[in-house]
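Reminder, nothing fancy here: chain letters follow the sequence lines and each chain counts from 1.
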2 protein chains.
Amino acid sequence: MLSKKTKYGIKALSFMAKRKENTPIQISVIAESEKISLKYLEAILLTLKKAGILSSKKGKGGGYYLLKKPKEIKMSFIMRTLEGPIAMVPCVSLNYYEKCDDCPDEVSCSVHKLMIEVRDASLKIFNNRTLEDLLK
Amino acid sequence: MLSKKTKYGIKALSFMAKRKENTPIQISVIAESEKISLKYLEAILLTLKKAGILSSKKGKGGGYYLLKKPKEIKMSFIMRTLEGPIAMVPCVSLNYYEKCDDCPDEVSCSVHKLMIEVRDASLKIFNNRTLEDLLK
DNA sequence: TATTACCCTACTTAAACCATAGGGTAATAG
DNA sequence: CTATTACCCTATGGTTTAAGTAGGGTAATA
């Protein structure tokens, strides 16, 4: 299941990408428009800022703004930042690899290969789709 | 993330499919071999039985056995039975459709279309892979 | 008829998710 | 300089789900 965190994050980013000018936009504006809890959205945007997707400006007239063009923001990066690993099991994750504690041998594991297939299929989509693609 | 429930279920089914004869096999044998909690595995196999994948025989010499040939058991059915919806959001689920409460309009939702793509890619894999494929 | 092994219900623990509350702090306008 | 704005950070709690445990019931078989 996609978490609300990720969903809200994508919606907020889409909202920002949709605007004509990339001027700072207040959290409260996005929260109201997209019907997201203000405080929760604060935390999400902060995460995206730390990841390098967003930057912010303080004080009057301040707010958040995109650091890159929507076309340059891959969905795979957004997904990893908010949702975590794209793979369904840690033992096939490219960025968050971890050995399964219940698996003595990955090669003979019946689940392993199947999950690699699924990961590759998902990754293919997330790598080839950018924030811009979502606006259409 | 793939739940342990699903992972254990697939491992148990693979174990059964790997045997030469489809004679009843005791839960305890599978649990030991695959290092799965006995009681937990009981619940999982019961679910698979109710779904029509397995059947069981009581009394001495009893146990669980496959109702179909491994070749005839699609991974998509196993996944739906144990893991639930294959889609990442309810609003793009084929078998468990539900409207998103935070989404006024699916058509204009930026997440919707992306998740349909991901669902289709995953489904393509799960529909074209059977239990037999996992044994290789 | 005793044994075997499935069947069922309820409970516990731990973790993650989804917020909410409240204040701190930096930047800006005037 | 100072008040305001709006981001920044920490802590806390409710809810849900996953994962596993406990204990006994019941049907089938040798």
Note, [X] side chain near [Y] side chain (heavy atom, < 4.5 Å):
X	Y	result
B:Leu46	B:Tyr64	yes
B:Pro70	B:Met16	no
A:Thr130	A:Lys69	no

Main chain of A:Lys136, side chain of B:Lys113: is a donor-acceptor contact present, judged purely on distance under 3.5 Å?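 Indeed, once roles are kept as given, a pair shorter than 3.5 Å links the two residues.
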
When the distance from [atom1] of [X] to [atom2] of [N] is rounded to whole Å, what number comes out?
X	N	atom1	atom2	answer
B:Leu46	D:dA27	CG	P	15 Å
B:Leu48	C:dC7	CG	P	12 Å
A:Met1	D:dT17	CE	C1'	12 Å
A:Leu38	D:dC8	CG	P	13 Å
A:Leu45	D:dC7	CG	P	8 Å
B:Leu82	D:dT17	CG	C1'	16 Å
A:Lys49	C:dA26	NZ	C1'	10 Å
B:Lys39	C:dC6	NZ	P	10 Å

Give the minimum heavy-atom separation between [X] and [Y], together with the two atoms involved.
X	Y	answer
A:Lys57	A:Tyr65	N-CE2, 4.1 Å
A:Ile44	A:Gly9	CG2-CA, 3.7 Å
A:Pro24	A:Gly61	CB-O, 3.8 Å
A:Val92	A:Ala87	CG2-CB, 3.6 Å
B:Pro85	A:Met1	CG-CE, 4.1 Å
A:Lys11	B:Cys103	NZ-SG, 3.4 Å

Quickly, which of A:Ile73, A:Thr47, A:Leu82 forms a side chain to side chain contact (heavy atoms under 4.5 Å, CB included) with A:Ile53? Name it, please.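 Going through A:Ile73, A:Thr47, A:Leu82 one by one, the side chain to side chain contact (heavy atoms under 4.5 Å, CB included) with A:Ile53 is satisfied by A:Ile73 alone.
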
Residue from B:Asp133, B:Ile125, B:Leu134 passing side chain to side chain contact (heavy atoms under 4.5 Å, CB included) with B:Met75: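 In the set B:Asp133, B:Ile125, B:Leu134, the residue that makes a side chain to side chain contact (heavy atoms under 4.5 Å, CB included) with B:Met75 is B:Leu134.
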
Rounded to the nearest 0.5 Å, how far does CG of A:Asn127 lie from OG of A:Ser122?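 Rounded to the nearest 0.5 Å, the OG-CG separation comes out at 10.5 Å.
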
Could you check whether the side chain of B:Glu42 and the base of C:dC7 have a donor-acceptor pair of N or O atoms closer than 3.5 Å, going by distance alone?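 Looking at the base of C:dC7, it does pair with a donor or acceptor on the side chain of B:Glu42 (distance under 3.5 Å).
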
With sequence neighbours excluded, residues passing side chain to side chain contact (heavy atoms under 4.5 Å, CB included) with B:Ile36: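 By the side chain to side chain contact (heavy atoms under 4.5 Å, CB included) rule, B:Ile36 matches B:Tyr8, B:Glu34, B:Leu41.
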
Using a 3.5 Å limit for the pairing distances, which stems of at least 3 consecutive Watson-Crick or G-U wobble pairs does DNA chain D take part in?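 Listed by first number, the stems are C:1-30 with D:1-30.
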
From the list C:dC7, D:dC7, C:dT20, which nucleotide is the closest neighbour of the side chain of A:Ser37?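 Of the candidates, C:dT20 comes closest.
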
B:Glu132 atom CD: more than 12 heavy-atom contacts under 6.0 Å: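 More than 12 heavy atoms, drawn from other residues, nucleotides or ligands, come within 6.0 Å of this atom.
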
Looking only at side-chain N and O atoms, does A:Glu98 offer a donor or acceptor that is under 3.5 Å from a partner on A:Ser93?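 Not at all, the side chains of A:Ser93 and A:Glu98 share no donor-acceptor pair under 3.5 Å.
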
Which parts of [range] get close to DNA chain D, meaning a heavy atom less than 4.0 angstrom away?
range	value
residues 57-70 of chain B	B:Lys57, B:Lys58, B:Gly59
residues 11-29 of chain A	A:Ile25, A:Gln26, A:Ile27
residues 89-98 of chain A	none

Would you tabulate the nitrogen or oxygen pairs shorter than 3.5 Å linking the protein to nucleotides 16-18 of chain C?
from	atom 1	to	atom 2	distance (Å)
C:dC18	OP1	A:Lys4	N	2.8
C:dC18	OP2	A:Lys4	N	3.3
C:dC18	OP2	A:Lys5	N	3.4

